[in-house]
Number of protein chains: 4
Amino acid sequence: MECSTIIWKSGKDDLILTDRSVNITMAPRTTAQFEAIREKRREKIILAAMELFSRQTYHNTSVADISKQAGVSKGLIYNYFTTKEDILNGILDYLFAIGDQMVAETRAAGTPKEELRHLIGQVFRFLHQQALISRMLIPLALEMGKFDFINEVIDRKMRDYLGLLVQIFSDMDYPDPEMEAWTLGVLFDGISLDYNVLGDRMPLDRMEQYLYKKYNL
Amino acid sequence: MECSTIIWKSGKDDLILTDRSVNITMAPRTTAQFEAIREKRREKIILAAMELFSRQTYHNTSVADISKQAGVSKGLIYNYFTTKEDILNGILDYLFAIGDQMVAETRAAGTPKEELRHLIGQVFRFLHQQALISRMLIPLALEMGKFDFINEVIDRKMRDYLGLLVQIFSDMDYPDPEMEAWTLGVLFDGISLDYNVLGDRMPLDRMEQYLYKKYNL
Amino acid sequence: MECSTIIWKSGKDDLILTDRSVNITMAPRTTAQFEAIREKRREKIILAAMELFSRQTYHNTSVADISKQAGVSKGLIYNYFTTKEDILNGILDYLFAIGDQMVAETRAAGTPKEELRHLIGQVFRFLHQQALISRMLIPLALEMGKFDFINEVIDRKMRDYLGLLVQIFSDMDYPDPEMEAWTLGVLFDGISLDYNVLGDRMPLDRMEQYLYKKYNL
Amino acid sequence: MECSTIIWKSGKDDLILTDRSVNITMAPRTTAQFEAIREKRREKIILAAMELFSRQTYHNTSVADISKQAGVSKGLIYNYFTTKEDILNGILDYLFAIGDQMVAETRAAGTPKEELRHLIGQVFRFLHQQALISRMLIPLALEMGKFDFINEVIDRKMRDYLGLLVQIFSDMDYPDPEMEAWTLGVLFDGISLDYNVLGDRMPLDRMEQYLYKKYNL
DNA sequence: GATGAATGAGGGTTCATTCAT
DNA sequence: AATGAATGAACCCTCATTCAT
C-alpha cells in the first residue's frame with residue numbers, strides 16, 4: 001500500500017493536503033476502486049474551486065470557471081456536487097483537517113509558553129494561506145441568511161481555537177484567561193482581515209515579534 | 001386660498017406629507033422645492049441601500065431590491081445615482097462624516113489616557129454601526145481590482161486611526177507606540193469582523209472592560 | 001414691422017432659415033402674440049433637435065438631450081410635440097423650405113447649361129450641410145415600417161429634383177433626358193452618402209470639376 | 001440496435017433532423033458532432049440576425065428578436081457571440097467572401113471593356129443583396145465613434161473597388177481614370193441607397209442599359 | 001405655460017442548472 | 001460516466017412619456 005501527499009500550489013504559498021490514495025490492482029474494478037476514482041475527481045474539482053474562490057471571491061467565480069480550471073466539463077461537476085454552494089461545502093470539509101492539525105500540533109508543543117509561541121508562529125507563518133481562506137469565507141460569512149452552514153463552521157473552529165487558548169492562558173496563570181484568549185483570537189482574525197486588504201503595507205514581522213515580547217515568549 | 005393635505009403613499013412605514021398649498025394657477029415648483037424633494041429622496045434611497053447592503057451584501061442586493069425598500073421605482077434611482085456603485089459611494093460619504101467626528105471628539109478628550117479610554121469606548125459604543133459598515137465594505141475590499149475606491153477609503157481611514165493611536169501611545173510613553181497602535185487597530189478590526197459573524201455570542205462588555213484594565217484606564 | 005433672419009450655425013456650415021418675427025406692442029397679448037411666442041419656442045426645439053440628430057443620429061439622441069440643448073424642460077417639449085417622432089416631422093417641414101428654395105434659385109439661373117452648372121455647384125457648396133441632413137434622414141429612411149412619413153418626404157423631393165433635371169437635360173437635347181436625370185440624381189445621393197462616411201478622404205473638388213467637364217459646363 | 005427519428009421542433013420553416021442512432025450506453029457526443037451542431041446554430045443565428053438587421057436596422061432589432069427569429073433562447077446567442085455587435089461582425093465575415101468573389105470574377109472577365117460590363121452587370125444583378133448589406137451598414141457607418149470597425153470594412157471594400165475601376169478605366173485610356181472610377185463607384189453607392197429607399201420605383205433595368213450605352217459596352 | 005421628479009417597459013448580458021446524447 | 005449545448009431567470013441600466021405642482 002502506498003500513501004502519497006499532494007501539495008496544492010497556490011502560486012505564493014502552499015497548502016498541505018493528504019490524499020488518501022488507493023491500491024492499484026489488475027483485478028476488475030471493484031466498487032471501492034470506482035469510489036477512489038470518484039474521490040480523485042472530486043478532489044480535483046475542490047482544489048480548482050478553492051484556488052478560484054480565494055483568488056476571485058465565490059460570487060465572481062462561475063461554475064464554468066471551475067470546470068475549466070479543473071479540466072472537466074461543466075456537466076460533470078453536477079455529478080459530484082448538487083450545487084455550486086455544495087462545492088463550497090466540500091472545500092470546508094477539506095479545510096477542517098488543516099485547522100484540526102494545527103491545533104493538534106500546537107497541543108504537542110510542550111510547555112504552555114512553547115505552545116503559545118508555536119501557535120503565534122503558525123498563524124504568521126501560514127498567514128498568506130489563511131488570508132486566502134479568509135478571502136473565501138469572510139464575504140460568505142457576512143452574508144447572513146444564505147450560507148448558514150459557513151457560520152456553523154466558523155463557530156466550531158472558533159470554539160476549538162478559543163478552548164486551546166483559554167487552556168494555555170490558564171496554564172500560564174493569566175488572571176482572566178478567557179478574555180485574554182478572546183483578545184488574541186480576535187486579534188488573529190483582525191490580522192488576517194487586514195492582511196487581505198492591506199497586503200504588504202502591514203508590518204507583519206514586527207507585529208509577530210511584538211507579540212512574542214508582549215507574552216514574554 | 002390655501003389648502004394642505006396629507007397623502008398616504010404606499011410604502012412600509014412612512015408618511016409623505018405633501019404640502020399642497022399652491023397657487024391656483026398651478027405654478028411649477030420652485031427650485032428650492034425641487035431641491036428639498038431631491039434631498040429627501042436621495043437620503044431615502046441611501047438609507048434603503050445601507051440597510052440592504054449591510055443585511056445582504058452589496059452583490060446580493062439588486063437595484064430592484066433597493067427601489068422596493070425605498071418605495072420608489074427602479075428607474076428613479078438612476079435619477080439620483082449614476083450607477084449601483086455610485087449608491088455605495090453615496091453611503092460612504094454619508095458615513096464618513098460620522099467617522100471623522102469620532103476622531104475629532106477623541107482628540108478633544110483631554111489627557112492621552114482619557115483619549116484612549118474615550119476611543120475604546122466609542123468603538124464599542126458604535127460597534128453596531130461599525131459592524132454595518134464592515135459588512136458592507138469588507139466583501140468589496142476583498143474583491144481586488146474592482147472597487148478600488150473602497151480600498152482608498154479604508155486606507156485613508158486606517159491612516160487616520162493609526163496616526164491618532166500612535167500619538168496617544170507615544171504620549172503614554174509606550175516603548176514601541178507604533179506597534180502598539182497597529183495591535184490595537186487590528187484588534188478593533190477583528191472585533192468588528194467577529195461581531196458581524198458571531199453577534200451576541202461575543203462577550204463585548206467583558207472585552208471592553210478587559211481592554212480598559214490592560215491599558216490601566 | 002420687422003423681419004429678421006437667423007442663421008443656424010452648425011459648427012462648420014450654416015443653414016439659412018427665415019424667422020417670421022412679429023411686432024412687439026404694448027397692448028395686452030393677443031392670441032397672435034401668444035402664437036408667435038409658441039412659434040419661437042417651437043423653432044428653438046427644432047433647431048436643437050436638428051443639431052443633435054445630425055451629429056449623433058436620431059436614436060442616439062434622447063429627449064433629455066434635446067431639452068438641454070434647447071434650454072427648456074423635458075416636459076415642455078411635449079407641450080409642442082406629441083412625440084419624439086413628431087419633432088422629426090417638424091424638422092422635415094423646416095428643411096422642405098430650403099430644398100424648394102434651391103430648386104427655385106436654379107430655375108432662375110438662365111440657360112439650361114447655366115442652370116445645370118448652378119445646380120451642381122449648389123450641391124457641392126452645400127454638401128456639408130446636406131451631409132448633416134442625410135446623416136439624419138438616411139438611417140430613418142432605411143428603417144421601413146416606422147417613419148413612413150420620411151419616405152414620403154424623400155419621394156416628393158426626389159420627384160421635384162428629377163423633374164428639374166429632366167427638363168434641363170431635355171433643353172440640352174440629351175437623347176434620353178430622363179435616364180440622364182436619374183443618373184445625376186443618384187450620383188448626388190451617392191456623393192452625399194459617401195461624404196458622410198469617408199469625409200475628407202473624398203476628392204470633392206476634383207469630382208466637381210470633373211462633372212463640369214463631363215457636362216461641358 | 002439503431003433507431004432514427006425525425007423531430008419537429010417549433011420554429012417557422014425548418015425541420016431539425018436529429019439522428020438518434022446512438023449507443024445504448026448514451027455516450028457523449030463526439031467533438032465532431034458538437035462542431036456540427038455549433039456550426040449549424042451559428043449560421044442559423046447569423047441568418048436570423050441578417051434578416052432582421054436588414055429589415056429593421058441593427059438598433060431596432062433586439063437580441064430577443066434575433067433569438068425568436070432563430071428559434072433559440074436569448075441566452076444561447078451569447079454562447080456563440082460575445083456581444084450583439086459581434087453578431088454583426090459575424091455577418092460581415094459571412095458577406096465578405098461574396099464581395100471578394102465578385103471582384104475576383106470581374107478580374108477574370110477578359111478585356112477591360114468586358115470587365116467593366118461584367119462589373120456593372122454584377123452590381124445590378126446583386127443589387128438586392130447589396131441593398132440588404134447597405135441597409136445594415138449605412139446607419140451604423142453614419143454613427144461616428146462607435147462601430148469603427150464598420151468604417152474600416154467599408155474603407156477596405158471601397159479601396160478594392162476603386163482600385164479595380166481605376167485600372168479598368170486606365171486600360172480603356174480614359175483621360176482621368178481616377179476620377180471616372182470615383183464617379184462610377186459613388187454612383188453605385190447612390191444606386192444601392194436609393195434602391196433601398198425607393199424600391200421598385202427606381203427604373204433599374206433602364207439605368208443598367210443606360211450605363212452600358214454611356215460606356216460603349 | 002413650465003418644471004423636473006417619477007414611472008415602467010424594454011435592452012444587453014450573465015450564469016447556475018438541465019438534458020439529450 | 002461525461003459532454004457542452006441549451007435554457008430562463010435575474011441583473012444593471014436607459015429613456016420616452018406622464019403628472020403633480
Side-chain angles (χ1 to χ4, degrees), chain A residues 34 37-38 41 59 61-67 72-80 82-85, chain B residues 7 18-31 33-35 37-38 40-41 59-67 72-85, chain C residues 34 37-38 41 59 61-67 72-80 82-85, chain D residues 7 18-31 33-35 37-38 40-41 59-67 72-85:
Chain A
F34 275 121
I37 292 173
R38 279 190 69 80
R41 272 235 206 283
H59 284 104
T61 302
S62 69
V63 175
D65 290 341
I66 298 171
S67 79
V72 300
S73 74
K74 230 181 340 176
L76 189 60
I77 290 186
Y78 287 86
N79 199 320
Y80 290 88
T82 63
T83 268
K84 189 186 171 192
E85 198 177 316
Chain B
I7 299 190
T18 305
D19 189 354
R20 278 209 182 143
S21 55
V22 294
N23 303 342
I24 293 284
T25 52
M26 287 292 174
R29 276 179 268 236
T30 65
T31 305
Q33 278 173 313
F34 278 126
E35 285 282 319
I37 291 177
R38 284 191 73 78
K40 214 165 206 163
R41 279 276 185 268
H59 285 298
N60 283 10
T61 303
S62 69
V63 175
D65 290 340
I66 299 172
S67 78
V72 301
S73 73
K74 227 180 359 170
L76 187 62
I77 291 191
Y78 290 88
N79 196 320
Y80 291 89
F81 300 92
T82 62
T83 269
K84 190 187 169 190
E85 198 176 314
Chain C
F34 274 120
I37 293 173
R38 279 189 68 80
R41 274 236 204 283
H59 284 104
T61 302
S62 69
V63 174
D65 290 340
I66 299 171
S67 80
V72 301
S73 74
K74 231 181 342 175
L76 190 60
I77 290 186
Y78 286 86
N79 199 320
Y80 289 88
T82 63
T83 269
K84 189 185 170 192
E85 197 177 315
Chain D
I7 299 189
T18 306
D19 189 355
R20 276 205 183 147
S21 54
V22 293
N23 303 342
I24 293 285
T25 51
M26 286 292 174
R29 276 180 267 233
T30 64
T31 305
Q33 279 173 313
F34 278 127
E35 285 282 319
I37 291 175
R38 283 192 74 79
K40 213 164 206 163
R41 278 276 186 269
H59 285 297
N60 282 10
T61 303
S62 70
V63 174
D65 290 342
I66 299 172
S67 79
V72 300
S73 73
K74 224 178 9 163
L76 186 61
I77 290 190
Y78 289 88
N79 196 321
Y80 291 88
F81 300 92
T82 62
T83 268
K84 190 188 171 192
E85 198 176 315

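Hydrogens, waters and symmetry mates are skipped; everything else that's a heavy atom, side chains included, is used. Naming: A, B, ... by sequence-line order, numbering from 1 per chain.
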Query raised in the report: Does the side chain of A/Val63 come within less than 4.5 Å of A/Tyr78's, by heavy atoms?
Result: yes

Requested in this report: Nearest whole angstrom, please: distance from the P of F/dA1 to the CD1 of A/Ile37.
Outcome: 11 Å

Query - Phosphate OP1/OP2 of E/dA6: any B/Arg41 side-chain N/O under 4.0 Å - result: yes

Query raised in the report: Roughly, in whole Å, what's the span from CD in C/Glu85 to C1' in F/dT17?
Result: 14 Å

Query - Partners passing side chain to side chain contact (heavy atoms under 4.5 Å, CB included) against C/Thr61 (at least two apart in sequence or in another chain) - result: C/Leu52, C/Phe53, C/Gln56, C/Asp65, C/Ile66

Query raised in the report: Under the side chain to side chain contact (heavy atoms under 4.5 Å, CB included) test, which residues partner B/Glu35, sequence neighbours left out?
Result: B/Thr31

Query raised in the report: How many Å lie between OH on D/Tyr78 and C1' on F/dA10, as a whole number?
Result: 14 Å

Query raised in the report: Which whole-number value in Å describes the distance from B/Phe34 CZ to E/dA5 P?
Result: 6 Å

Query raised in the report: side chain to side chain contact (heavy atoms under 4.5 Å, CB included) with C/Ser73: which residues, sequence neighbours excluded?
Result: C/Leu76

Query raised in the report: Of all the nucleotides listed (F/dG4, F/dC13, F/dA6), which has the minimum atom distance to the side chain of B/Thr83?
Result: F/dC13

Requested in this report: Give, for atom OG of A/Ser62 and atom NZ of A/Lys74, the distance between the pair rounded to the nearest 0.5 Å.
Outcome: 8.0 Å

Query - Rounded distance in Å - CD (B/Gln33) to P (F/dC19) - result: 20 Å

**Report entry** Atom pair distance, as rounded to whole Å: CZ in D/Arg38 and P in E/dA20
**Finding:** 20 Å

**Report entry** Atom-to-atom span, CD1 of D/Ile77 to C1' of E/dG12 - whole angstrom
**Finding:** 11 Å

Quick one: which protein N/O atoms are closer than 3.5 Å to N/O atoms of nucleotides 9-11 of chain E? Pair and distance per line, please.
from, atom 1, to, atom 2, distance (Å)
E/dG10, O6, B/Lys74, NZ, 3.3

Requested in this report: For DNA chain F, write out the stems as range with range, using runs of 3 or more consecutive Watson-Crick or G-U pairs with both distances under 3.5 Å.
Outcome: E:2-21 with F:2-21

Query raised in the report: Which atom pair, heavy atoms only, marks the closest approach of B/Ala64 to B/Ser67?
Result: O-OG, 2.8 Å

**Report entry** Pairing residues for C/Thr82 by the side chain to side chain contact (heavy atoms under 4.5 Å, CB included) criterion, not counting sequence neighbours
**Finding:** C/Asp86

Requested in this report: Find out whether A/Ile77 and A/Lys84 are in side-chain contact, i.e. whether some heavy atom of one side chain is under 4.5 Å from a heavy atom of the other.
Outcome: no

Query raised in the report: What residues form a side chain to side chain donor-acceptor pair (under 3.5 Å) with B/Arg38, not counting sequence neighbours?
Result: B/Asn79

Query - Distance in angstrom units between B/Phe81 CZ and F/dT14 C1', rounded - result: 18 Å

**Report entry** Distance test, side-chain N/O of D/Asn79 to OP1/OP2 of F/dA5, below 4.0 Å
**Finding:** yes

Query - Comparing D/Leu76 and A/Tyr80 on DNA chain F - which has the more 5′ nearest nucleotide - result: A/Tyr80

